[in-house]
Protein chains: 2
Amino acid sequence: MKFILRHKLSILYGIALAVLLLVLKWLEIKFIIYDHSLEVYIGAIALLFTGLGIWLAIKLTKPQVQVVEKEVYIHTNGDFVFNEKAFEKTGMSKRELEVLELMAKGRSNQEIADALFVSLNTIKTHCSGIFFKLEVKRRTEAVETARRIGLIP
Amino acid sequence: MKFILRHKLSILYGIALAVLLLVLKWLEIKFIIYDHSLEVYIGAIALLFTGLGIWLAIKLTKPQVQVVEKEVYIHTNGDFVFNEKAFEKTGMSKRELEVLELMAKGRSNQEIADALFVSLNTIKTHCSGIFFKLEVKRRTEAVETARRIGLIP
DNA sequence: ATCAATTTCACCCGAAAGTATGAATGTAAC
DNA sequence: GTTACATTCATACTTTCGGGTGAAATTGAT
């Protein structure tokens, strides 16, 4: 079942191809066996596969994604308010947020590990998750982004 | 979310393998029908016109553009005032402040070097100076301290 | 119960950051 | 002119960070 779901597109293409081959065979019988002109057959093939090509191209070409940045101004009256919506949009976990907070305070991974009573490797894993979800490459960048979208003061 | 992160490469390998299998299957089909010259001819026609169809579709259809709106949060807490007194107390130079500002934006040393048209080593030297004068050990800590004492927004 | 996500941890490796030291400029002050 | 400091750059070395992978335990929801 999972296999079917996962290969939905491939299966669809496979079925389409099979149907096409059937049509081909049918055309062959109709035009060759009854000795009508070969050229009509070839023409039909050409037309059919031109259509297939067009269909394939339309189906398979990815639509170009144009990202339009919509600026959202947030008024902060000095006090920090946690942006719940932004947090959910990132898909970050509670633990990752904890790590992020300590990160923003300038703590090293080792210090964060000690503070949360877990191993250094665990913190590294959390960091990777944070960077991926915030779409950044470095911890300083992560802190900047997190501050901008209202995850940390 | 984490699943994708963890198996990014594996998924790519999977796709590559799938493509390879497809190619193999295609070759098989090609050689099975090899001994029927008419069918080879028909196949060539089919292939040719499929290509034509694809070409036509790509050439003639206007590129479909999918617009994705991305919200960019901007805090309008604009009441940042540079703390001149704190700045002088640190004994930092103008150049070091420049570096600090870029550092706070999450830039890497190399990126800062490129932005200021100096070498990476120079930036490292400046960083050392900044850390010494702010009495910190890491760049994230430096950013936190600088923000706290009012050197950067 | 089982399935997905979370949290935890480990290992390897390469890249980036940071330390230490020395040195060549340029510039402003004394 | 020399003293002091800012700016620039280099080399060598250590530490930290981050990517990629695999895996076990736990939790939460259906």
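To find a chain, count down the sequence lines: A is the first, B the second, and so on, and within it residues start at 1.
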Review point. Using 4.0 Å as the upper bound for N to carboxylate O, is an ion pair formed by A:E144 and A:R139?
Key: no
Review point. Any donor-acceptor pair under 3.5 Å linking the side chain of B:E88 with the backbone of B:K85?
Key: no
Revision key, fill the gap. Winner on side-chain proximity to A:S108, out of D:dC17, C:dA10, D:dA10, is D:dC17
Review point. What nucleotide among D:dT8, C:dT19, D:dG18 has an atom nearest to a side-chain atom of B:F131?
Key: C:dT19
**Study point:** Side chain A:T125 and base C:dC9 donor-acceptor under 3.5 Å
**Key:** yes
Rounded distance (Å) that lies between atom [atom2] of [N] and atom [atom1] of [X]:
{"X": "B:R139", "N": "C:dG18", "atom1": "CZ", "atom2": "P", "value": "5 Å"}
{"X": "B:E141", "N": "D:dC17", "atom1": "CD", "atom2": "P", "value": "11 Å"}
{"X": "B:D114", "N": "D:dT8", "atom1": "CG", "atom2": "P", "value": "14 Å"}
{"X": "B:M92", "N": "D:dT7", "atom1": "CE", "atom2": "C1'", "value": "16 Å"}
{"X": "B:L120", "N": "D:dT7", "atom1": "CG", "atom2": "C1'", "value": "16 Å"}
{"X": "A:L116", "N": "C:dT6", "atom1": "CG", "atom2": "P", "value": "18 Å"}
{"X": "B:I112", "N": "D:dT8", "atom1": "CD1", "atom2": "P", "value": "13 Å"}
{"X": "B:K124", "N": "C:dT19", "atom1": "NZ", "atom2": "P", "value": "11 Å"}

**Study point:** Among B:T145, B:V143, B:L134, the one residue meeting side chain to side chain contact (heavy atoms under 4.5 Å, CB included) with B:L151
**Key:** B:L134
[N], OP1 or OP2 - any side-chain N/O from [X] closer than 4.0 Å?
{"X": "B:S93", "N": "D:dT7", "answer": "yes"}
{"X": "A:N121", "N": "C:dC9", "answer": "no"}
{"X": "A:R95", "N": "C:dT8", "answer": "yes"}
{"X": "B:T122", "N": "D:dC9", "answer": "yes"}
{"X": "B:H126", "N": "D:dT7", "answer": "no"}
{"X": "A:R138", "N": "D:dG18", "answer": "no"}
{"X": "A:N109", "N": "D:dC17", "answer": "yes"}

Practice item. Please examine the side chains of B:V118 and B:H126, heavy atoms only from C-beta on, and report whether any two atoms are closer than 4.5 Å. Key: no
Exercise for review: Have a look at B:S128 and say if it touches a base, only the backbone sugar-phosphate, or nothing, with a 4.0 Å heavy-atom cut-off.
Suggested key: base
Point to revise | Between A:T122 and A:T125: side-chain donor-acceptor atoms closer than 3.5 Å | key: no
